[in-house]
Amino acid sequence: MSGKLKNCPICGKIFADFGAHVCPDCFDKLQAKESEVVNYVRDNPNSKIPDIVEATGADEKMIKRMIREGRFVQVGVPMSYPCKKCGAPITQGDICNKCRTEMRDSLQKETAKIAAAKEAARIGRGQGMHSMRQPDPNLTKRKH
């Protein structure tokens with residue numbers, strides 16, 4: 001199986017991507033940085049994401065990905081990050097379940113309003129089932 005040739009998004013080198021999405025050199029550097037982050041969190045279990053970023057130089061996105069993957073739970077340190085909408089602590093995705101439910105319910109209500117408005121407009125144009133006229137039998141008879 002051959003990898004697709006790509007430019008590394010980190011360093012720009014051309015490499016054969018076998019699923020890591022970065023070149024082997026950058027992959028090794030990312031692995032080392034992740035190990036550094038895990039060790040820091042293990043040694044400082046009450047750290048917040050900004051503290052970890054400052055202490056290790058790791059990217060915040062990488063730390064959030066590691067939280068979603070359960071990397072810190074594996075070492076006995078459960079971690080979370082804030083919901084983008086309300087700030088509640090979450091361990092996966094971008095928004096918490098409460099905000100997700102509120103957004104879904106709001107979307108469903110708006111969708112129902114739009115559907116009702118379309119139906120009312122359709123009926124108002126005389127296209128409703130009860131407004132259809134029966135054809136005049138005198139006009140539809142064939143002359144022989």
Side-chain angles (χ1 to χ4, degrees), residues 1-137 139-140 142:
M1 179 175 159
S2 64
K4 184 177 180 181
L5 287 180
K6 289 180 155 184
N7 286 83
C8 178
I10 297 174
C11 70
K13 281 194 263 180
I14 294 176
F15 72 104
D17 188 1
F18 291 100
H21 308 295
V22 294
C23 73
D25 292 338
C26 289
F27 182 79
D28 291 343
K29 290 175 186 174
L30 286 173
Q31 291 293 100
K33 184 58 73 176
E34 287 181 6
S35 292
E36 181 183 350
V37 168
V38 168
N39 290 333
Y40 178 82
V41 169
R42 185 183 300 126
D43 295 341
N44 302 280
N46 295 321
S47 298
K48 303 291 182 217
I49 292 174
D51 301 331
I52 300 167
V53 169
E54 184 178 329
T56 64
D59 182 58
E60 184 174 329
K61 288 180 183 181
M62 181 181 84
I63 296 167
K64 287 181 179 180
R65 178 184 48 78
M66 291 173 71
I67 293 170
R68 282 191 295 272
E69 291 173 354
R71 297 280 302 278
F72 302 113
V73 174
Q74 294 170 359
V75 295
V77 183
M79 288 192 66
S80 62
Y81 53 93
C83 166
K84 285 187 175 179
K85 190 165 188 239
C86 72
I90 58 175
T91 58
Q92 63 183 14
D94 292 323
I95 58 173
C96 67
N97 288 334
K98 179 179 172 246
C99 290
R100 185 177 297 112
T101 299
E102 288 173 0
M103 289 172 68
R104 185 191 62 233
D105 292 347
S106 176
L107 182 61
Q108 287 174 341
K109 285 178 187 174
E110 291 302 315
T111 302
K113 283 181 190 178
I114 292 168
K118 283 182 178 181
E119 181 65 14
R122 187 181 68 78
I123 291 172
R125 290 190 306 260
Q127 296 175 2
M129 288 177 53
H130 301 292
S131 65
M132 293 177 67
R133 288 194 245 162
Q134 296 298 320
D136 185 345
L139 296 175
T140 57
R142 286 188 173 177

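Sequence positions, counted from 1, serve as the residue numbers for this chain.
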#### Entry: Side chains of Val38 and Met66 in contact at under 4.5 Å (non-hydrogen atoms)
yes

### Query
Considering only heavy atoms from C-beta outward, does the side chain of Leu5 approach that of Phe15 to under 4.5 Å?
no

#### Entry: Test item: Met79 and Val77 side chains (from C-beta on) under 4.5 Å apart, heavy atoms
yes

### Task
Compare every heavy atom of Ala58 with every heavy atom of Val37, then report the nearest pair and how far apart it is.
CG2-CB, 3.5 Å

### Query
Tell me, do Pro82 and Pro89 make a side-chain contact under 4.5 Å, heavy atoms counted?
no

### Sub-4.5 Å side-chain heavy-atom contact between Val53 and Ile63
yes

### Message
Listing request: all side chain to side chain donor-acceptor pair (under 3.5 Å) pairs with a residue in residues 41-56, at least two apart in sequence or in separate chains.
### Response
Asn39-Arg42

### Task
Using a strict cut-off of less than 4.0 Å between a Lys/Arg side-chain nitrogen and an Asp/Glu carboxylate oxygen, indicate whether Lys4 and Asp17 qualify as a salt bridge.
no

### Query
Is any side-chain heavy atom of Lys13 closer than 4.5 Å to a side-chain heavy atom of Asp25?
yes

### Message
Tell me whether Ser106 contacts the main-chain N or O of Glu102 through its side chain, where contact means a donor paired with an acceptor under 3.5 Å.
### Response
no

### Selection residues 57-69 - residue pairs positive for side chain to side chain donor-acceptor pair (under 3.5 Å), sequence neighbours left out
Glu34-Arg65, Glu60-Lys64, Arg65-Glu69, Arg68-Tyr81

### Task
Report yes or no: does Asp94 contribute a side-chain atom to a donor-acceptor pair with the main-chain N or O of Lys84 at less than 3.5 Å?
no

### Query
Going by heavy atoms in the side chains, are Lys118 and Ile114 under 4.5 Å from each other?
yes

#### Entry: Pairing residues for Lys33 by the side chain to side chain donor-acceptor pair (under 3.5 Å) criterion, not counting sequence neighbours
Glu36

### Message
Please report the interatomic distance OG(Ser35) to CZ(Arg71), rounded to the nearest 0.5 Å.
### Response
7.0 Å

### Query
With a 4.5 Å limit on heavy-atom distance, are the side chains of Cys8 and Val22 in contact?
yes

### Task
Start with the C-alpha gap between Ile90 and Ser80, add the side-chain angles, then the distance that decides, and say whether side chain to side chain contact (heavy atoms under 4.5 Å, CB included) holds.
CA-CA 5 Å; Ile90 58 175; Ser80 62; 5.8 Å; no

